[in-house]
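Just so it is clear, the structure is predicted and the values come from calculations on it, not from any experiment.
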Amino acid sequence: PISGGCLGNCSYCKTKHARGKLSSYTEDAIIKRALQAASEGASEIWLASEDTGAYGLDIGSNIAILLNKVADSLPPGVMLKLGMTNP
């Protein structure tokens with residue numbers, strides 16, 4: 001996952017209670033893991049979390065910045081996919 005926890009307070013969801021507030025991994029850590037997976041033969045890299053659309057708001061970034069950086073880092077032929085972005 002690219003982050004844990006959630007920023008929302010949806011009445012139907014227990015994610016925030018179970019996992020706490022949003023806690024995003026750094027862009028560098030995500031890129032490093034994506035490159036490792038690609039070097040091990042992965043043909044698709046999925047970026048997902050409980051609250052994917054909120055990625056980075058706790059660390060001064062956002063999902064668009066992350067997508068651009070990961071896409072620019074991946075070798076040719078490795079697809080980048082984004083998981084559901086709304087809770």
Approximate separation, where rounding is to 0.5 Å, of [X] [atom1] and [Y] [atom2]:
| X | Y | atom1 | atom2 | answer |
| --- | --- | --- | --- | --- |
| I2 | Y55 | CD1 | OH | 6.5 Å |
| L22 | I59 | CG | CD1 | 8.5 Å |
| L7 | D58 | CG | CG | 7.0 Å |
| M84 | E50 | CE | CD | 10.5 Å |
| I45 | R33 | CD1 | CZ | 7.5 Å |
| S49 | R19 | OG | CZ | 10.0 Å |

Under 3.5 Å donor-acceptor pairs involving side-chain atoms of residues 75-83, not counting sequence neighbours:
{"residue": "K81", "atom": "NZ", "partner": "E44", "partner atom": "OE2", "Å": "3.1"}

May I have the step-by-step check of side-chain contact (heavy atoms from CB on, under 4.5 Å) for L47 and T52, ending in yes or no? CA-CA 8 Å; L47 302 181; T52 304; 5.6 Å; no

Cluster overlap W46 with L35, hydrophobic side-chain contacts below 4.5 Å: no

For the hydrophobic clusters of this structure (ILVMFWY residues joined by side-chain heavy atoms under 4.5 Å, transitively), does one cluster hold both I65 and L57? no

N62 to A64 - nearest heavy-atom pair and separation: OD1-N, 2.9 Å

On a heavy-atom basis, the closest approach of V70 and A34 is CG1-CB, 4.4 Å

Can you find a heavy atom in the side chain of I63 that is under 4.5 Å from one in the side chain of T85? no

Would you sort out whether S24 and S3 count as a side-chain hydrogen bond (donor to acceptor under 3.5 Å, both in side chains), showing the intermediate values? CA-CA 4 Å; S24 301; S3 63; 4.6 Å; no

